[in-house]
Amino acid sequence: MEQVVIVTGASGNLGAACARAFQQRAAKTVLVDRSSDRLAKAFPDLGKDHLLAGGIDLTSAEATDRLVTDVVNRFGRIDVLVNTVGAWRGGKSVHDASLEDWDFLFETNLRTTLVACRAVAPRMIEQRLGRIINVASRDALKGSTGYAAYSASKSAVIRLTESLADELKKFDITANCILPSTIDTPQNRAAIPKADFSKWVEPAALADVILFLASDAARAVTGAALPVYGRA
């Protein structure tokens with residue numbers, strides 16, 4: 001059976017890699033992003049088995065619930081949710097970092113993931129099957145100078161994933177997250193131009209791990225936080 005897969009943050013580097021990986025496996029993909037323009041530019045030639053859902057504010061429960069209803073009406077079910085929306089800000093100590101930065105990181109990294117999971121979980125419970133994959137970070141495992149807000153927001157994603165896994169396992173729904181190190185993207189290369197990029201993890205490598213977690217081969221894996229560090 002072809003999977004119906006929602007990918008959030010689909011115009012981003014990781015989101016786009018995940019979307020293409022699932023499409024290569026003949027999945028029906030629902031590609032969600034705040035920007036309709038970026039989404040259309042990233043996926044100009046999608047067929048009728050896919051849906052571009054641009055202009056979606058994933059911090060809004062109402063907007064996300066409407067999206068999930070539209071997906072179920074169109075495709076009949078939701079098999080996989082992949083949450084790739086995320087952001088980084090850092091470099092300042094806890095007492096110097098603005099509360100606006102803290103709010104931004106928790107809104108972007110945690111709230112979007114939470115809202116999407118809350119919207120999808122009841123549908124998966126009804127069908128008694130589903131896969132949820134979230135994106136945390138290696139920095140979620142340990143706080144360090146200048147990373148407090150980012151680390152805390154990503155650590156919360158791990159705790160959310162573990163709680164979902166425990167709540168949903170009786171319905172044959174798994175919830176897992178991956179912990180990337182620095183992802184090899186044009187933006188990160190520009191930000192850290194002297195780094196050894198060969199040690200960073202590629203979006204396609206992360207997408208392969210996500211494909212595994214979404215597959216039947218990972219049916220007994222839930223509540224995991226999987227390190228995907230490349231050679232960093």
Side-chain angles (χ1 to χ4, degrees), residues 7-18 32-35 38 42 57-60 82-118 132-165 175-210 213 223-232:
V7 179
T8 72
S11 73
N13 296 287
L14 178 55
C18 289
V32 185
D33 203 272
R34 182 184 285 269
S35 171
R38 287 198 305 266
D57 178 6
L58 288 170
T59 68
S60 166
V82 181
N83 287 304
T84 77
V85 175
W88 180 86
R89 288 182 183 177
K92 295 182 179 180
S93 62
V94 171
H95 60 278
D96 284 330
S98 69
L99 291 179
E100 288 76 13
D101 280 350
W102 281 80
D103 289 342
F104 170 77
L105 288 170
F106 272 83
E107 282 263 310
T108 307
N109 293 334
L110 178 62
R111 184 181 173 90
T112 60
T113 299
L114 169 63
V115 168
C117 290
R118 290 180 78 250
I132 296 171
I133 302 105
N134 298 324
V135 178
S137 168
R138 179 167 64 178
D139 292 311
L141 300 178
K142 184 178 183 296
S144 58
T145 300
Y147 279 68
Y150 179 75
S151 295
S153 66
K154 288 295 193 177
S155 180
V157 172
I158 298 178
R159 301 289 89 83
L160 169 64
T161 304
E162 291 168 344
S163 296
L164 284 167
N176 296 287
C177 63
I178 62 169
L179 309 179
S181 60
T182 304
I183 304 175
D184 189 2
T185 67
Q187 296 86 345
N188 284 338
R189 288 191 177 207
I192 318 173
K194 295 183 179 180
D196 183 352
F197 307 139
S198 68
K199 293 183 177 180
W200 292 356
V201 61
E202 297 176 353
L206 293 165
D208 284 342
V209 176
I210 289 169
L213 291 173
L226 296 184
V228 192
Y229 297 163
R231 295 194 298 113

pair [X]-[Y]: side-chain heavy atoms closer than 4.5 Å:
X    : Y    : value
L226 : L213 : yes
I183 : P203 : yes
L160 : L164 : yes
C117 : N83  : yes
R34  : D57  : yes
W200 : N188 : yes
T108 : V85  : yes
V201 : L206 : yes

Taking atom [atom1] of [X] and atom [atom2] of [Y], what is their separation to the nearest 0.5 Å?
X    : Y    : atom1 : atom2 : result
R159 : K154 : CZ    : NZ    : 14.0 Å
E107 : E100 : CD    : CD    : 12.5 Å
L110 : T59  : CG    : OG1   : 12.0 Å
T185 : N13  : OG1   : CG    : 5.0 Å
I210 : C18  : CD1   : SG    : 3.5 Å

Could you pull out the closest heavy-atom pair between [X] and [Y], with the gap in Å?
X    : Y    : value
R231 : S198 : NH2-OG, 3.0 Å
V157 : A136 : CG1-CB, 4.2 Å
A17  : A204 : CB-N, 4.2 Å
I158 : L141 : CD1-CD2, 4.1 Å
G223 : N176 : N-OD1, 3.1 Å
S153 : N109 : OG-ND2, 3.0 Å

| said: Using a 3.5 Å distance criterion without hydrogens, assess whether the side chain of K199 forms a donor-acceptor pair with backbone atoms of T182. | reply: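 Here the side-chain-to-backbone pair does not exist.
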| query | Taking the side chain from S11 and the backbone from R38, do they hold a donor-acceptor pair closer than 3.5 Å? | reply |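 Pair absent, no side-chain N/O of S11 close to backbone of R38.
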| query | Can you list the steps and then say if S151 with D139 is a side-chain hydrogen bond (donor to acceptor under 3.5 Å, both in side chains)? | reply | CA-CA 5 Å; S151 295; D139 292 311; 5.0 Å; no
| request: Describe, in one word, how the ring planes of Y150 and Y147 are oriented to each other, choosing from parallel (under 30°), tilted (30 to 60°) and perpendicular (over 60°). | output: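 Because their plane-to-plane angle is over 60°, the rings of Y150 and Y147 count as perpendicular.
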| Stepwise, does the side-chain contact (heavy atoms from CB on, under 4.5 Å) test hold for F197 with R189? | CA-CA 7 Å; F197 307 139; R189 288 191 177 207; 3.6 Å; yes
| message | I'd like to know whether S35 forms a side-chain hydrogen bond (donor to acceptor under 3.5 Å, both in side chains) with D33, so could you lay out the CA-CA distance, the side-chain angles of the two residues, the decisive distance to 0.1 Å, and finally the verdict. | response | CA-CA 5 Å; S35 171; D33 203 272; 4.8 Å; no
| task | Cation-pi check, R138 to Y229: give yes when NZ or CZ is under 6.0 Å from the six-membered ring centre and within 45° of the ring axis, no otherwise. | result |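 Yes, a cation-pi geometry.
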| said: Using the rule given for side-chain hydrogen bond (donor to acceptor under 3.5 Å, both in side chains), can you reason through T161 versus N134, listing the C-alpha separation, both sets of side-chain angles and the distance that settles it, and then say yes or no? | reply: CA-CA 7 Å; T161 304; N134 298 324; 3.0 Å; yes
